[in-house]
2 protein chains.
Amino acid sequence: YPPPADPVAQHFQAVAGADGQISAEELRRCLSQSGMSAYPRPGDSFSLETCRVMIALLDTDHTGTMGLNEFRELWRALEGWKGTFQQFDRDSSGTIEAAELHDAIRAFGYNLSRPTVEAIVSRYSRYSNRQIMFDDFIALSVRLRAVSERFRARDREGQGYATIYYEDFISMTMSI
Amino acid sequence: YPPPADPVAQHFQAVAGADGQISAEELRRCLSQSGMSAYPRPGDSFSLETCRVMIALLDTDHTGTMGLNEFRELWRALEGWKGTFQQFDRDSSGTIEAAELHDAIRAFGYNLSRPTVEAIVSRYSRYSNRQIMFDDFIALSVRLRAVSERFRARDREGQGYATIYYEDFISMTMSI
Ligand SMILES: [Ca+2]
Ligand SMILES: [Ca+2]
Ligand SMILES: [Ca+2]
């Protein structure tokens, strides 16, 4: 019998070289070919910047590349974020606006005030129209998850605050 | 007599509309036309992502746009960062490598350990070659300045550490 199909591994192997690692550029091609980035329009692909952030999320050894296990984890996360985008784009504009983002972030399990959400919208929208495109929503979701995880690792008692040293703060924020 | 020439204001006004504000896309055009982004090759321009980070650095009212005063401040900063890039690209590769970045960051007045610098290189280099291009160096410099300023505002005694609440941490990191 043939082995069970493993489409995620096949997407990965279609771009990975002999070293079994993919760069941001290869990840971009992989997510295009697999159709993951083809939203809302069939030809859409992620920006190189968003692919670099995706790699940085799981790149604990700082090689700037991604292996198959990390890719599987990313794929699951992307399926979730894509579902969230589609669910919270209530007016079907193909973009996420501030009120929609506020609720999407709450669905992720984070509680952020409206001013903080507005600051995020300013940073992640493109044409001063305050609409967030799918590519930027993914970059935002990746970074929000990364910085939240890093914060929690330093707030071990779950008090909602942490004492952080400057160099640690820089490594938390500048590596993603 | 004609008023004294003000080339920086002229660069700004060449793209600003009647509202006297520029978007990330207009900033990108402005920095191309003025030659600021034309490095190392004459036709080089900044990515939209880098322009968005530049706007976010000075966008205290979160409009996603930039006025003339903010543009003047950005211009001065860009001249400094460009000079730093040229000075620390010691092998004239047109890119900044880890050892060069370590020294460039020290010249900015920040002291970061080698592992932190390596993590930054992983995030900001493009082709897993661990070389940082001018466009990415500018994005890195903008973000490093922004997060450092924000950290210092919370470490008022200058002790090198600060107690930070989760939502504040998110607003510090996700708006740049
Ligand atoms: Ca919408
Ligand atoms: Ca503004
Ligand atoms: Ca160099």
Side-chain angles (χ1 to χ4, degrees), chain A residues 21-26 47-50 52-53 55-56 59 61-65 110-113 115-116 118-130 136 139-140 143-144 146-148 150-152 154-155 159-176, chain B residues 21-26 47-50 52-53 55-56 59 61-65 110-113 115-116 118-130 136 139-140 143-144 146-148 150-152 154-155 159-176:
Chain A
Q21 293 279 318
I22 59 176
S23 66
E25 192 48 72
E26 288 168 327
S47 63
L48 183 61
E49 168 69 13
T50 295
R52 285 153 78 189
V53 174
I55 287 188
D59 186 23
D61 56 350
H62 300 305
T63 56
T65 59
Y110 308 120
N111 234 318
L112 297 179
S113 70
T116 300
E118 291 289 351
I120 295 174
V121 171
S122 300
R123 166 66 180 85
Y124 285 94
S125 53
R126 278 191 199 193
Y127 305 107
S128 6
N129 58 6
R130 307 196 70 75
D136 294 315
L140 179 173
R143 286 191 64 219
L144 182 60
V147 293
S148 297
R150 291 166 190 194
F151 184 87
R152 274 184 204 162
R154 284 147 184 92
D155 173 24
Q159 301 169 93
Y161 57 85
T163 299
I164 304 175
Y165 281 79
Y166 172 71
E167 167 129 13
D168 188 33
F169 181 77
I170 294 302
S171 80
M172 290 167 85
T173 56
M174 292 295 295
S175 59
I176 188 81
Chain B
Q21 292 280 319
I22 59 176
S23 66
E25 192 49 71
E26 289 168 327
S47 63
L48 183 61
E49 167 68 13
T50 295
R52 284 153 78 189
V53 174
I55 287 188
D59 187 22
D61 57 350
H62 300 305
T63 57
T65 58
Y110 308 120
N111 234 317
L112 298 179
S113 70
T116 299
E118 291 289 350
I120 295 174
V121 171
S122 300
R123 166 67 180 85
Y124 285 93
S125 53
R126 277 191 201 193
Y127 305 107
S128 7
N129 59 6
R130 306 196 69 75
D136 294 315
L140 179 173
R143 287 192 63 220
L144 182 60
V147 293
S148 297
R150 291 165 189 194
F151 183 87
R152 273 184 205 162
R154 285 147 184 91
D155 173 24
Q159 300 169 92
Y161 57 85
T163 299
I164 304 174
Y165 281 79
Y166 172 70
E167 167 128 13
D168 188 34
F169 181 77
I170 295 302
S171 80
M172 290 167 85
T173 56
M174 291 296 295
S175 59
I176 188 83

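Just so we're on the same page: letters track the sequence lines, and every chain starts at 1. Keep in mind that the numbers below use all heavy atoms, side chains included, and drop hydrogens, waters and symmetry copies.
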All heavy atoms of B:Arg123 vs all of A:Val53, minimum pair found to be NH2-CG2, 3.5 Å

Residue among B:Val121, B:Leu144, B:Ile164 with most heavy-atom pairs under 4.5 Å to chain A: B:Ile164

Measure across B:Met174 and A:Ile120 and return the closest heavy-atom pair with its distance rounded to 0.1 Å. CB-CG1, 3.8 Å

Honestly, the part of B:Asp168 sitting under 4.5 Å from a heavy atom of chain A is neither

Aromatic rings A:Phe169 and B:Phe169: how do their planes relate, parallel, tilted or perpendicular, breaks at 30° and 60°? perpendicular

Which portion of B:Ile55 sits near chain A, non-hydrogen atoms under 4.5 angstrom: neither

Greatest number of non-hydrogen atom pairs under 4.5 angstrom with chain B, of A:Arg154, A:Arg152, A:Met172, A:Glu25, falls to A:Met172

Whatever's closer than 4.5 Å to a heavy atom in chain B on A:Asp61 counts as neither

As an exercise, state the distance from CD1 of B:Ile170 to CG of A:Leu112, rounded to the nearest 0.5 Å. 6.5 Å

Please state whether the side chain, the backbone, both or neither of B:Arg130 comes within less than 4.5 Å of a heavy atom of chain A. side chain

Bottom line for B:Leu48: the part with an atom under 4.5 Å from chain A's heavy atoms is side chain

So for atom OH, which belongs to A:Tyr110, do other residues, nucleotides or ligands contribute more than 12 heavy atoms lying within a distance under 6.0 Å? yes

Tell me whether A:Glu118 contacts the main-chain N or O of B:His62 through its side chain, where contact means a donor paired with an acceptor under 3.5 Å. no

Let's test your reading of the structure: which of A:Ala139, A:Ala24, A:Ser148 forms the most heavy-atom pairs below 4.5 Å with chain B? A:Ser148

Distance in Å, A:Arg52 CZ paired with B:Tyr124 OH, rounded so as to fall on 0.5 Å steps: 8.0 Å

One thing to verify: whether A:Glu49 and B:Arg126 come together as a salt bridge, which I'm taking to mean a side-chain N less than 4.0 angstrom from a carboxylate O. no

Which one wins on heavy-atom pair count under 4.5 Å against chain B: A:Gly160, A:Ser171, A:Gly64, A:Ser23? A:Gly160

If I compare all heavy atoms of A:Ser122 with all of B:Thr63, which pair ends up nearest, and what's the gap? OG-N, 4.3 Å

Best-contacting candidate, B:Ser47, B:Ala56, B:Ser125, against chain A by heavy atom pairs under 4.5 angstrom: B:Ser125

For A:Asp155, is it the side chain, the backbone, both, or neither that has a heavy atom closer than 4.5 Å to a heavy atom of chain B? neither

